[in-house]
Each structure stands twice: as structure tokens, then as C-alpha cells.
K.L.:
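Following this message is one structure expressed as C-alpha cells.
Residue numbering restarts at 1 for every chain, and letters A, B, ... go by the order of the sequence lines.
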Protein chains: 2
Amino acid sequence: MNKAVFYHAGCPVCVEAEKNVANAIDKSKYKVEIVHLGEAKARIAEAEKLGVKSVPALVLDGIPFHINFGANLSVLK
Amino acid sequence: MNKAVFYHAGCPVCVEAEKNVANAIDKSKYKVEIVHLGEAKARIAEAEKLGVKSVPALVLDGIPFHINFGANLSVLK
């Protein structure tokens with residue numbers, strides 16, 4: 001199973017991306033995990049290591065895709 | 001059926017987004033169309049009207065999501 005992680009921070013841009021992009025992912029191909037970095041601050045370092053610079057971001061099998069722009073990761077720390 | 005349009009311009013960032021994000025979309029929910037704006041210049045106006053500012057971009061049921069950054073639409077004209 002491929003792995004998709006959607007990182008967000010509850011911002012309006014994030015919510016719209018989650019509702020549309022994250023929900024559009026084929027669940028028969030990808031195991032989708034939704035991570036709220038505002039609530040799970042311990043995972044900010046993980047996101048950074050994957051190359052995530054801002055949220056919302058979708059990481060597909062380790063490759064980061066920034067979707068529109070909500071907030072920089074730095075403001076979530 | 002929901003509608004997904006992936007606009008790109010053949011750039012490396014576009015190719016990576018197509019291979020991963022566009023391919024991850026659930027085809028049982030979305031009819032996915034791939035549009036190369038460098039080859040289909042007539043459709044640049046359509047993309048602009050949908051709110052697309054840069055490629056690669058994925059428009060889901062009329063809502064534009066810019067994925068990373070390849071090129072501004074203006075350079076494709």
C-alpha cells in the first residue's frame with residue numbers, strides 16, 4: 001500500500017485542501033493519514049525532514065507536494 | 001461524476017506532480033483530464049478563469065489547488 005500523509009494546521013486553506021485534495025485520493029491505492037501540526041507539534045520535525053515547508057502539504061510516498069499556501073511551518077513551532 | 005483537471009506545462013515539477021498527485025486521484029469518483037497548457041494555449045484563458053495562477057495546478061470541481069511551483073501562467077502565453 002502506498003502512503004499519503006496530509007499535513008495541515010486547521011487553517012481555512014488547509015480545510016479546503018483536505019476536503020477536496022486529500023479526500024480525492026484513491027483509498028484503494030493509498031493509506032491516507034491526516035496530521036494536524038498545530039495539535040501534533042512533535043511531528044513538525046518529521047514533516048520538515050520530508051521537505052515540507054508550508055501547510056497544507058501532501059506527502060505521497062515521501063515526496064512533498066505543497067498545496068496552495070496556508071502557513072509556513074516555522075509559525076507552528 | 002466529479003471533475004478533476006490537472007493543468008501543467010511539461011516542466012519537471014509538473015511531471016512529478018502528475019506522476020504522483022494526479023495519479024493518486026480516485027478514478028471512481030473523479031473524471032481526470034490532463035491539460036498541457038504549453039501545447040493547448042487556447043485553454044490558458046479557461047485555466048485563468050478557474051483561478052489558476054501557476055502550474056502545476058489541480059482543479060477539483062472548479063476549485064483550484066496549486067501544487068508546488070513550476071511556472072507562472074503568464075510565461076506560457
K.L.:
Below 4.5 Å from any heavy atom of chain B, which atoms of A/Phe65 appear? Answer side chain, backbone, both or neither.
P.N.:
both
K.L.:
Tell me, for A/Pro64 versus chain B, whether the close heavy atoms (under 4.5 Å) come from the side chain, the backbone, both or neither.
P.N.:
backbone
K.L.:
Please determine, among B/Leu58, B/Asp26, B/Ile25, the option with the most heavy-atom pairs under 4.5 Å with chain A.
P.N.:
B/Asp26
K.L.:
At what distance, to the nearest 0.5 angstrom, does NZ of A/Lys53 lie from CD of A/Glu48?
P.N.:
8.0 Å
K.L.:
Which one wins on heavy-atom pair count under 4.5 Å against chain B: A/Ser28, A/Ala57, A/Ala17?
P.N.:
A/Ala17
K.L.:
Do the charged groups of A/Lys19 and A/Glu16 touch, with an N to O distance under 4.0 Å?
P.N.:
no
K.L.:
Under 4.0 Å between a Lys/Arg side-chain N and an Asp/Glu carboxylate O for A/Lys49 and A/Glu46?
P.N.:
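So A/Lys49 does not pair with A/Glu46 through a salt bridge.
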K.L.:
Return yes when atom NZ of B/Lys27 has more than 12 non-hydrogen atoms of other residues, nucleotides or ligands closer than 6.0 Å, and no otherwise.
P.N.:
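Counting neighbours around NZ of B/Lys27, more than 12 heavy atoms of other residues, nucleotides or ligands fall under 6.0 Å, so yes.
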K.L.:
To the nearest 0.5 angstrom, please state how far the CG atom of B/Leu60 sits from the CZ atom of B/Phe6.
P.N.:
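Rounded to the nearest 0.5 Å, the CG-CZ separation comes out at 11.0 Å.
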K.L.:
Given that the side chain runs from C-beta out, which part of A/Ile63 has a heavy atom under 4.5 Å from chain B: side chain, backbone, both or neither?
P.N.:
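Contact with chain B involves the side chain of A/Ile63 alone.
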